[in-house]
Amino acid sequence: MSKEFIKGNEAIAEAAVRAGCRFFAGYPITPQNDIPEYLSKRLFEVGGNFIQGESEVASVNMVFGVAATGIRSMTSSSGPGLALKAEGISNLAGARVPSVVVNVARGGPAIGTILTAQQDYLSATKAPAPGGFKCFVLAPATVQEAADLVYEAFDIADKYRTPVYVLADGMTGNMMEVVELPPMRELSELPSKDDWRVNKLEQDGNFRSISSYSPTAEGLQEMNEASEAMYQQWDKEEQRWEAFMMDDAEYVVTGYGSSGRIAKSAVKELRAQGIKAGLIRPITLVPFPKDAFDQIDYGRIKEIFVAEMSIPAQYADDVRWATKSKLEIISVLTSGGVILETEAIVDAVKERV
Amino acid sequence: MEKSLLIAGFGGQGIMLIGKMLGFAASKAGMNATFYPSYGAEQRGGTANCTVIIGDDEIGSPVSRRLDTLIAMNEPSFVRFVDRMKKGGVVIVNSSLVQSKVEDKDVKAFYIPANDLAQELGSVQVANIIVLGAYIAATGILDAEFAKQVIAEQLGRKPEMLELNMQAFDKGMAAVK
């Protein structure tokens, strides 16, 4: 396999095409603009379609419509755009429409900054929109992982009939890195959606519908119970994380996405200085990899350093929950576009050694 | 091995271009590389910078507070970043535009009058390719052949410009003694 030196946003876009994505609708926002720019040309080369919608709301609903016919579809945006797409994402989840939503996160609140940040953790994992639902959430830390996870996101979406939310950030989106892109999928190899796609008639000749709506309370409860069963299956089968140097670790550093890769640099630097540091880096945020934290030796480890480009801390809340408050949490935070430095994590740990 | 490089100068000096070219060259050489641009509210005439990390192994943070190498294409960039050098680090100074000198005895400095050398070749626009050559010669981080392949691919659309850029690269390498 040949390797390429490629920009994160372009790797995300190309990986989507290779996964079989044939429809994209979106509306411009920095720092994700290379994704639509790339796809506006590339999708037509493979017989797909690209629409720059008149708004975020229109775009996400176009994705709903196309994905409901069984075509692999994606939209991407950044924080403020995701807020506008929220109701549409809720619809994708409620109607169980497989789809991929990419967030190349920037600083907030509100329009905040175009620079990289991780201030959308809570909205991605807890409440992307009203109504109570979850997306499957993946958090790439490198350009390679962004390509791999976006590629896989389409399979996860089809397997569970769910929107998959890829929470990247401006750092991953705008940096270039050496990457091996995944192979082109043949559309004929993709799973059949004949049992639910709306553009196929029922056996009795009736039209199908696909909706997040139920005319009865019991019907809606049943739909929500089915979703809940899916979330529980994710918890059992889909938790994913990277553990690095954890076997004899006395100090644990944790972070997801770009903070995770920076935290790994910090762990290597601490080890080089003779300090037994280890890393837990979630790859799935939903399901949260709580098993990784259950495996911590709480006899040996007393504190955990949470690295996050968000003020206030957001990911730290889940770490507190997953560690059952058994560890003291020391947050190493930046916000608003300030990049977390390896040295800041190293210094925070060394203060406690 | 993992080496950090920060390239800084005025917007328009081709800072981002040579940063990306180094990433492409490292990739050709079978190494890992990251290129991280400072992007956002940069202005024409303001300072632009990017960080390139080249390594044999997986690369963690794509930015670094402490630098192995700095390429300073103008005075404000030199002043802003020169204090971030590691011991034994290398600074490539575009001495056509930077009057200051490196004072740290633990840092090796190469003063390359890149704009003047580029002017001798007929175009100040290739000053960035001259410092690219100087960087390869000064650090030996990768074989010059890989950088030349990238020049041919990226800057080879017009034969006369390719020739000029190749000359600039060689001149930059030769300027490092």
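Lettering of chains follows the sequences in order, A, B, ..., and the numbering in each one begins at 1. Only heavy atoms go into these numbers, but all of them, side chains included; no hydrogens, no water, no symmetry mates.
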To the nearest 0.5 Å, tell me how far [X] [atom1] sits from [Y] [atom2].
X: B/T34; Y: A/F5; atom1: OG1; atom2: CZ; answer: 7.0 Å
X: B/L22; Y: A/M176; atom1: CG; atom2: CE; answer: 11.5 Å
X: A/I339; Y: B/S64; atom1: CD1; atom2: OG; answer: 11.5 Å

Enclosure of [X] [atom1] (heavy-atom neighbours >12, cutoff 6.0 Å):
X: A/Y27; atom1: OH; result: no
X: B/K86; atom1: NZ; result: yes
X: A/D247; atom1: CG; result: no
X: B/E160; atom1: CD; result: yes
X: B/Q125; atom1: CD; result: no
X: B/K171; atom1: NZ; result: yes

| field | Interface residue of largest heavy-atom contact number with chain A, from B/C50, B/S27, B/G30, under 4.5 Å | value | B/S27
| query | Checking A/Q144 against chain B: side chain, backbone, both or neither under 4.5 Å from a heavy atom? | reply |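 Answer is neither: A/Q144 stays 4.5 Å or more from chain B.
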| query | Relative to chain B, which segment of A/E341 carries a heavy atom at a distance below 4.5 Å: side chain, backbone, both, or neither? | reply | side chain
| task | Specify the closest pair of heavy atoms between A/E343 and B/R66, including all atoms of both residues, with the distance to one decimal. | result | OE2-N, 3.7 Å
| Nearest atoms (heavy-atom pairs only) where B/P37 meets A/M175 |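 Residues B/P37 and A/M175, closest heavy atoms: CD-CA, 4.4 Å.
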| Does A/S265 offer a backbone N or O that forms a donor-acceptor pair with the side chain of B/S61 under 3.5 Å? |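 Not confirmed, B/S61 side chain does not pair with A/S265 backbone.
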| field | Under 4.5 Å from a heavy atom of chain A, the part of B/K28 involved | value | neither
| task | Heavy-atom distances under 4.5 Å only: say whether B/I59 touches chain A with side chain, backbone, both or neither. | result | both
| query | With the threshold set at 4.0 Å, does a side-chain nitrogen-carboxylate oxygen contact exist between A/K268 and B/E58? | reply |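 Yes, charged N to carboxylate O under 4.0 Å.
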